[in-house]
Amino acid sequence: MGRLKLQTGIKAIEEEPEDCEATNSNKATLACIINSEIGSVLAVMRRNVRWGSRYISGDDQLEHSLIQSLKALRKQIFSWQHQWHTINPVVYLQPFLDVIRSDETGAPITGVALSSVYNILTLDVIDQNSVNVEDAMNLLVDAITSCRFEVTDPASEEVVLMKILQVLLACMKSKASVMLSNQHVCTIVNTCFRIVHQAGTKCELLQRIARHTMHELVRCIFSHLPDVHDTERALLNGSTTRKQEIAGLNNEYAFGSRQLENGNVSSGYDSQPLSTSPASNASSGLVAPRIDESVLTVSTEKEAVQYDLHLMTEPYGVPCMVEIFHFLCSLLNVSEHMGMGPRSNTITFDEDVPLFALVMINSAIELGGSHIQNHPKLLSLVQDELFRNLMQFGLSTSPLILSMVCSIVLNLYHHLRTELKLQLEAFFSCVILRLAQSKYGASYQQQEVAMEVLVDFCRQKNFMVEMYANLDCDITCSNVFEELANLLSKSAFPVNCPLSSIHILALDGLIAVIQGMAERVGNGSVSAHTPVNLEEYTPFWMVKCDNYSDPSNWVPFVRRRKYIKRRLMIGADHFNRDPKKGLEFLQGTYLLPDKLDPQSVACFFRYTAGLDKNLVGDFLGNHDEFCVQVLHKFAGTFDFADMNLDTALRLFLETFRLPGESQKIQRVLEAFSERYYEQSPLILANKDAALLLSYSLIMLNTDQHNIQVKKKMTEEDFIRNNRHINGGSDLPREFLTELYHSICKNEIRTTPEQGAGYPEMTPSRWIDLMHKSKKNAPFIMSDSRAYLDHDMFAIMSGPTIAAISVVFDHAEHEEIYQTCIDGFLAVAKISACHHLEDVLDDLVVSLCKFTTLLNPSSVEEPVLAFGDDTKARMATVTVFTIANRYGDYIRTGWRNILDCILRLHKLGLLPARVASDAADESEFSADTGPGKPMSNSLSSVHVPSIGTPRRSSGLMGRFSQLLSLETEEPRSQPTEQQLAAHQRTLQTIQKCHIDSIFTESKFLQAESLLQLARALIWAAGRPQKGNSSPEDEDTAVFCLELLIAITLNNRDRIDLLWQGVYEHISNIVQSTVMPCALVEKAVFGLLRICQRLLPYKENLADDLLKSLQLVLKLDARVADAYCEQITQEVSRLVKANASHIRSHGGWRTITSLLSITARHPEASESGFDALFFIMSEGTHLLPTNYALCVDASRQFAESRVGQAERSVCALDLMAGSVDCLARWAREAKQAVNEDEAVKMSQDIGEMWFRLVQALRKVCLDQREDVRNHALSLLQKCLTGVDGILFHMFCGYSALMW
């Protein structure tokens, strides 16, 4: 059995051929449906007296043909044995169509017949495979569009009109619609549009349904454009060139209205066909064009090209789409319908019709998409007529119209931007940039809509890149990217007012652009930025690119072109101050040849923005031969082809100020006339005719627009003044009349506006734009790689940081805070990836101001205030996030970051040990693991009591004050809000990971590390003699700790840091006269550095050990206070690094430090322990340190500090060293080189004499046991010296021999 399958709408009953019974059932079902529709029509007809009386009359009068045809169809439908698609649809549609076309039927009958046709169409019985389907569909459209009926009441008329719309839409949506011809599709749209206008006098429902139907028709038609591949079907005879089509479409289509044979939709109330003249409340007097269904004419002044009729009778495609699209564009033709002056900024007539047209145009573009560019006629309509009208309606005071215009332009950018380069430039320059600023008279609503669309464009990832590459880097175009970026930055600034929606919109746009750059940077495609330089002269207007689709070609090309454009603007500035020096500057930058030629100077005048037009006019009007040559070359840069004389003259005089002297005017107009006649002779006989007529137009312009002229020239006067100028004959009257009215309505400005500003789009400028677009370079498409972001970011970074900072400062909502923070992080990422250190430093400076940490504390509890300030906490986290992520590229910004760290330190918000170097990790692993000291320290911090003076430097100290029970004053307990604020503060500091800045400093680039170290030294301040404040000392100690930490963490780069670190510690040591924490930290930090680095830096060993001489320079009081600890550290250093100390100077420093301790009660033990380690068994005795160690031992032997046993032990060390001398003497004997052997023997002898002398001195000691022991050891040294002296004397003998 058959079954109804719902596909789209109400679908046809599908036959199942494998089941014969099912097939028969389907046939019967369809027959029943049609029979039911016949019954419905007949039933309504019987209710009418006119039709019903014929059923009951007894005479032999025959029934009406309409009834007969319906009854005949009823007899046939059940007898058909074939499948329905083999039956001619005309057979079962014709009776219903006859009823619809009949002017004898009333509205109810016509309405039911229309419903029947709609029901049959929605069954999908008729498809492209049906017999004779093409004739059937054409017949159906002809009948519906020729519908006639008598109206008995307005409601029934409206019902019929709605049903007509319903059936027309069903025709276009049916499967068989592909068989409709171009002509019939145009007819359907035309009929629908007429109903739209007639609905203006009807009910609101009909109006809305008619508009909706029209919209759906357009969507249905243009949705087929992607399927149209044969573009030749859209061309005339398959041979019309694109250039001819574009030229032909510059003028208006002629839309006629052919009355169909039986008349169009009409009613008893309106016996005339439904015209396109709208009702008074529908279109405010707008005369709507109608589509010519038979012949579409595209006319120019030169030729009239017609579509062949057979194209309009073929299945519909591009021809009907071209006609419909032009029809929609014509609804926007402002100048035709309203007589608007070209300088009008607003559109004051009813927004209903243009808004309706714009909505349909937008749908057509959305559905046609990029396929429009495959069809030259459609593309030319978009490029010229549509965009020209969009430029006018873009200045509409209606937010609805403006918003829809912007939506259309956004769609056009997405799909067709490669074909709309100059149009997009004009739209942004003449519409968006004008509306978005109040100084041009735009309302707040207009500004808001303009800003919204600009933000939408900014959210397109490659929009700004493409604007920069195609416009900013083109010497003939304006700097759209730069102007848009400046607009967004300025619009985000709230000037003496709270934040508004426009400020937030501008901020969103800025951040969208910045985040787009950050995403491209994240793709890992940042290339090295190489500066552009011109090494020789090349005509800048002839610079070409070999391949606009290959980045390796177009990227250097656009960067070179942008460099040229910048240099030209600098040259223009020089020229405006002194023309001669300006040209010399351009010669020096290789933009003009060493020997000036007319062509190069002319192109400089023609293509350089910002020139003083008065100076250019004076130069061009000068009688000098070179200036005259430049003038003619300058005129040669214009394209006046197929351009009216007044339009060409306007364009020419817009580029400079016409001089006031008659001779100069003559020279200028002669050059213009020669060029114009060369390109557009038209009806002019020669260039003299062009010159005379140009003069006449200038005079007419002065006459008409000079307020001092009271008696104005009439049209007859103008025609009479121009008699016999065309080679002795007269010019056509129509030609002169057109020129006269053009000048009267629109003044030729002989004093063009100077300087910046956004121009208005006049008709002459639009014509010039269309001429340029034909010769323009290809549109450069950008991808997701950061080819030009370095140059773009360098332009907008400063204003962007300032704008985001101001908004962040004025904002009060956390959402806006987060938006700004996202922008700051994106700026930091881009700056780091492009190595823009100055920008990153500026960003850090701006952010540090918002942390409030640099502000003088004016609150009792700054910790709690910080916890309550969301903005400050977010800024603080951001500062340290940037420092941790992008520290490699921070330079002077380290100072601001350290100021914040010091403030946190003073508030007690940092852990006891912020900076832990790598070598300390094992030492502190039991307490704090890597990366954990922050949380471990802060987790134990509690809230200070309210009102407690901050006498302690840390939160733990203040916590102890809070818990102290010894004070008599009662303490107020913190509130829940204060506890929460304090907890937020702690969480914020934890998120900052401040310790990572220093523990991870080993990964910083060298320059950044050096700047960090210098910033620490700067933050510590220069130490001064005398007492300093505890706060200053605490800061200096903290900075010194951090400096030592990064020094130890960067032992492989100690060469980079050592000089600064040493000088800082030296200043501390030499300026301190009393024991204090700072000098303690300096001295022991220095010793730690030497301990850690000696094993790794042999080349720096001498410098490191030499630095320990600073300890010898300590003030006596300071040295006495720390002597024991210093000696212990030196002892550790010696024991750990004795094998790494090889130089005499290094051992001199060590032994000097040890010798000092010999007479210090507390330090002598540690000092002697270190000396014992060196000399015991001669393990670390060397020729370089022997004498020094013997001398140090002598001092310990002579010292009376401690027991006499230590002096005896010191003497034993001295005597035991003789074994080392003997060993060295044997080694000297085995030396191959005799000179070397002699030298070693001499040195050994000297060392022996030093030992003997030292023992001799101790022999005079007053302590008997020490003196006796020294004498015995001396005797032993003298008697056991045979081996040493023998080798020494052998050396001397060899030398003497």
Side-chain angles (χ1 to χ4, degrees), residues 1112 1119-1120 1123-1124 1126-1127 1130-1131 1134-1135 1138 1141 1144 1147-1225 1241-1285 1287-1288:
L1112 302 175
D1120 184 64
C1123 187
E1124 182 179 5
I1126 292 173
T1127 307
V1130 173
S1131 177
V1134 170
K1135 291 178 180 180
I1141 306 174
H1144 179 76
W1147 280 111
R1148 179 184 294 278
T1149 303
I1150 295 295
T1151 54
S1152 298
L1153 290 171
L1154 296 178
S1155 299
I1156 292 174
T1157 66
R1159 291 173 175 78
H1160 197 281
E1162 291 83 9
S1164 60
E1165 184 176 351
S1166 298
F1168 184 74
D1169 182 55
L1171 184 62
F1172 184 84
F1173 173 80
I1174 298 170
M1175 299 184 66
S1176 176
E1177 298 179 0
T1179 307
H1180 296 292
L1181 279 176
L1182 301 170
T1184 54
N1185 68 359
Y1186 182 85
L1188 297 170
C1189 290
V1190 167
D1191 188 58
S1193 297
R1194 179 188 61 78
Q1195 294 189 47
F1196 274 100
E1198 293 176 344
S1199 173
R1200 297 189 180 186
V1201 175
Q1203 301 296 325
E1205 288 80 3
R1206 191 169 63 192
S1207 298
V1208 172
C1209 185
L1211 290 170
D1212 290 339
L1213 291 176
M1214 295 167 64
S1217 66
V1218 174
D1219 295 337
C1220 291
L1221 294 177
R1223 185 176 72 248
W1224 296 337
S1241 297
Q1242 289 177 342
D1243 293 341
I1244 293 169
E1246 290 179 3
M1247 286 185 276
W1248 181 78
F1249 285 128
R1250 294 288 293 271
L1251 173 62
V1252 171
Q1253 288 175 356
L1255 288 172
R1256 181 183 63 81
K1257 290 181 180 180
V1258 181
C1259 289
L1260 302 176
D1261 194 272
Q1262 296 179 359
R1263 292 168 296 175
E1264 183 178 358
D1265 51 348
V1266 174
R1267 183 173 64 250
N1268 293 335
H1269 192 65
L1271 287 170
S1272 64
L1273 292 178
L1274 178 60
Q1275 182 182 5
K1276 182 179 178 180
C1277 287
L1278 291 173
T1279 57
V1281 78
D1282 297 341
I1284 300 174
L1285 295 178
H1287 295 299
M1288 184 174 64

Calculate, to the nearest 0.5 Å, the distance between atoms CD and CD belonging to Glu1198 and Gln1262 respectively.
11.0 Å
Is the closest side-chain heavy-atom distance between Thr1151 and Asn1185 below 4.5 Å?
no
Given side chain to side chain contact (heavy atoms under 4.5 Å, CB included), test Val1258 with Arg1194 step by step and report yes or no.
CA-CA 7 Å; Val1258 181; Arg1194 179 188 61 78; 3.9 Å; yes
So which heavy atom on Phe1196 is nearest to which on Gly1167, and how close?
CZ-C, 3.7 Å
Taking atom OG1 of Thr1149 and atom NE2 of His1144, what is their separation to the nearest 0.5 Å?
9.5 Å
Are Met1247 and Val1190 close enough that some pair of their side-chain heavy atoms sits under 4.5 Å apart?
no
How many angstroms lie between atom CD of Glu1162 and atom OG1 of Thr1157, to the nearest 0.5 angstrom?
11.5 Å
From Ser1131 OG over to Leu1153 CG, what is the distance, rounded to the nearest 0.5 angstrom?
12.0 Å
Side chains of Leu1211 and Met1214, heavy atoms from C-beta outward: is any pair under 4.5 Å?
yes
If you look at every heavy atom in Ser1193 and Ala1210, which pair is closest and at what distance?
O-CB, 3.5 Å
Just do the salt bridge (charged side-chain N to carboxylate O under 4.0 Å, His left out) check on Asp1191 and Arg1250 with the steps written out, would you?
CA-CA 8 Å; Asp1191 188 58; Arg1250 294 288 293 271; 5.3 Å; no
Which atom pair, heavy atoms only, marks the closest approach of Ser1207 to Ser1199?
OG-O, 3.3 Å
Enclosure of Glu1165 CD (heavy-atom neighbours >12, cutoff 6.0 Å)
no
For the CG atom of Leu1171 and the CD1 atom of Ile1150, what is their distance to the nearest 0.5 Å?
11.5 Å
Derivation and outcome, side chain to side chain contact (heavy atoms under 4.5 Å, CB included), residues Gln1195 and Leu1154:
CA-CA 10 Å; Gln1195 294 189 47; Leu1154 296 178; over 6 Å; no
Mind checking whether Glu1264 and Asn1268 have side chains closer than 4.5 Å, heavy atoms only?
yes
Residues that His1180 engages under side-chain contact (heavy atoms from CB on, under 4.5 Å), provided they are two or more places apart:
Ala1138, Phe1173, Ile1174
For the residue pair Ile1244 and Leu1221, what are the closest heavy atoms and their distance?
CG2-O, 3.9 Å
Is the count of non-hydrogen atoms from other residues, nucleotides or ligands lying under 6.0 Å from Lys1257 atom NZ greater than 12?
no
Search all heavy atoms of His1269 against all heavy atoms of Asp1212 and return the closest pair with its distance.
NE2-OD1, 2.6 Å
Mind listing the closest non-hydrogen atom pair of Val1218 and Cys1277 along with its distance?
CG2-SG, 3.6 Å
Working to the nearest 0.5 angstrom, can you tell me the gap between Ser1272 OG and Arg1267 CZ?
12.0 Å
Please tell me if the side chains of Asp1243 and Tyr1186 come closer than 4.5 Å, counting only heavy atoms from C-beta onward.
no
